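See below for the structure under consideration.
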Amino acid sequence: MQIREGPARRQAPSAAGALRSPMSAMMLAMFATMASFYVAGRLWQDAQNRLHLIKELDRRTGQGQSAISVDDTLKVVACRQQGKRLASLEMELAAAKHKGFVGKYTPETNGTHSGKKPLIVIGIMSSFGRKNYRDAVRKSWLPTGSMLKKLEEEKGIVVRFVVGRSANRGDTFDREIDDENRSTKDFLILDDHIESDEELPKKTKSFFANAAETFNAAFYAKVNDDIYINVDTLSAMLETHWDRPRVYIGCMKSGEVFSDLTHKWYESDWWKFGDGKSYFRHASGEMFVISRAIAQFISINKSALRTYAHDDVSVGSWMIGLAVNHVNEAKLCCSSWPSGALCSAL
């Protein structure tokens, strides 16, 4: 009798395959897990190496201490923009006050002075060796002592002789001015200006800048030390200009630009005034008045404002690019002494 073993042999391979299949899957899973750990470990090690190299580079180059971040840069830019905006708001506030949003004589603190807001600050341009002129002004129209204080408190008119410093700081010239000021207390000394006849335009600019920072007045005037002023007429005239926030008042004139080096009124920048060689319209330098908004503009932009050979031309050039009301006031034509004039030459 024959025994058929075929079916038994066909069963054996199937059982062995069933045993091998789970083992292969387990080994494959273990291999994949180990590979994952290996890759993760290499990535972590590479990251640590890069971090170490960056720190070492910063240490050797010093960049870790001196580099400025993007955030810090943006903060610097923002501060500069806020500074410009603040300057603009100050000018707008000054204009609003002129339009009546603040009373004309509202009690408020003013720089180093307390009490009423000054109507005007008058700067009398003087210099070393001109004490006789200053004394003539004091004897004619400028009160002294307690009467000077009364002029400020009751009429809102502040008057100061404007003098710079000597090129040799602390010398006899400086000491004489300091001694005179201790006695009269009627000086505005410009510590940032070197006294010189050739630098009068820069001196006038420095006066307006310093006066605007020191006194919260409605108007500021520049006048020569050989001019007589009727302060009551001046006060009445200014009352008519309260509604003008940016006003430039003076005896308006023009004139020839002299290119001859030997001429008394030589203008080194004569070529800038065109072929006609004529100055633009500007207020005479004997005396002129500007409002607070303009004085603040000069204070803020003093480092960028160009000066010419003469102070009246320099100030007039600054007015050209601004939305300023030019007022041709005959009462400020001091040399011609017209009817009703408020100033004249001593």
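In this text, all values refer to a predicted model and were calculated from it rather than measured experimentally.
Linking Ile, Leu, Val, Met, Phe, Trp and Tyr whenever their side-chain heavy atoms come within less than 4.5 Å puts Leu261 and Phe273 in one cluster. Under a hydrophobic-cluster definition in which Ile, Leu, Val, Met, Phe, Trp and Tyr are linked whenever side-chain heavy atoms come within less than 4.5 Å, directly or via other members, Ile177 and Ile194 are assigned to different clusters.
Arg134 and Ser126 make their closest contact through NH1-OG, 2.8 Å (heavy atoms, listed as atom of the first residue, atom of the second, distance). The shortest heavy-atom contact between Val247 and Ile294 is O-CD1, 3.3 Å. Looking at every heavy atom in both residues, Tyr308 comes nearest to Ser314 through N-OG, 2.7 Å. The nearest pair of heavy atoms linking Leu332 to Gly250 is CD1-CA, 3.7 Å. Contact record, Ala283 with Asp312: O-CB, 3.2 Å, taken as the closest heavy-atom pair. The minimum heavy-atom distance linking Ser299 with Glu213 is given by the pair OG-OE2, 2.9 Å.
Two residues are said to be in side-chain contact when any heavy atoms from C-beta on lie closer than 4.5 Å; Thr144 and Thr184 fail this criterion. Two residues are said to be in side-chain contact when any heavy atoms from C-beta on lie closer than 4.5 Å; Met237 and Ile249 meet this criterion. The side-chain heavy atoms of Asp311 and Lys203, taken from C-beta on, include no pair separated by under 4.5 Å. Two residues are said to be in side-chain contact when any heavy atoms from C-beta on lie closer than 4.5 Å; Ile122 and Leu234 meet this criterion. Two residues are said to be in side-chain contact when any heavy atoms from C-beta on lie closer than 4.5 Å; Val327 and Arg244 meet this criterion. Contact check for Asp186 versus Val159: no side-chain heavy atoms found under the 4.5 Å cut-off. Put simply, the side chain of Thr214 does not reach to within 4.5 Å of the side chain of Arg160, judged on heavy atoms. Between His282 and Met319, the closest side-chain pair of non-hydrogen atoms is not below 4.5 Å.
Once rounded to the nearest 0.5 Å, the distance linking CZ of Phe258 with OH of Tyr266 reads 13.0 Å. Taking NZ from Lys205 and NE2 from His193, the interatomic distance works out to 10.5 Å, rounded to the nearest 0.5 Å. Rounding to the nearest 0.5 Å gives a distance of 11.0 Å between OG of Ser344 and CH2 of Trp141. In this structure, CD on Glu286 lies 7.5 Å from CG on Asp226, to the nearest 0.5 angstrom. The distance from the CG atom of Leu200 to the NE2 atom of His310 is 10.5 Å, given to the nearest 0.5 Å. For the atom pair CZ of Arg281 and CD1 of Ile320, the computed distance is 11.5 Å after rounding to the nearest 0.5 Å.
Judged by distance alone, the side chain of Trp318 and the main-chain N or O of Arg306 form a donor-acceptor pair under 3.5 Å. At distances below 3.5 Å, not a single donor-acceptor pair connects side-chain atoms of Asp225 with backbone N or O atoms of Tyr133. In terms of modelled atom types and a separation under 3.5 Å, the side chain of Arg169 and the main chain of Asp174 share no donor-acceptor contact. Remark: side-chain polar atoms of Lys222 are paired, donor with acceptor, to backbone N or O of Gly285 under 3.5 angstrom. Side chain of Ser183 to main chain of Glu180: no donor-acceptor pair is present (N/O by atom type, distance under 3.5 Å, no hydrogens or angles).
The cationic group of Arg246 does not satisfy the cation-pi geometry with Tyr248, failing either the under 6.0 Å distance to the six-membered ring centre or the 45° limit from the ring axis.
Glu195 and Ser127 share no donor-acceptor pair across their side chains, judged by distance under 3.5 Å alone.
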**Request:** List the steps, then state whether side chain to side chain contact (heavy atoms under 4.5 Å, CB included) holds for Trp242 with Leu119.
**Result:** CA-CA 10 Å; Trp242 275 102; Leu119 170 65; 3.5 Å; yes
**Message:** Evaluate Ile290 against Ile298 for side chain to side chain contact (heavy atoms under 4.5 Å, CB included), listing each step before the verdict.
**Reply:** CA-CA 11 Å; Ile290 61 175; Ile298 295 173; 3.9 Å; yes
**Item:** Worked check of side chain to side chain contact (heavy atoms under 4.5 Å, CB included) between Asp192 and Asn210
**Value:** CA-CA 10 Å; Asp192 61 346; Asn210 280 274; 3.8 Å; yes
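Using a cutoff of 4.0 Å between basic side-chain nitrogens and carboxylate oxygens, Arg175 and Asp178 are not scored as salt-bridged.
Sulfur-to-sulfur, Cys334 and Cys251 sit at least 2.5 Å apart at their SG atoms.
Within a 6.0 Å sphere centred on CZ of Phe173, heavy atoms belonging to other residues, nucleotides or ligands number 12 at most.
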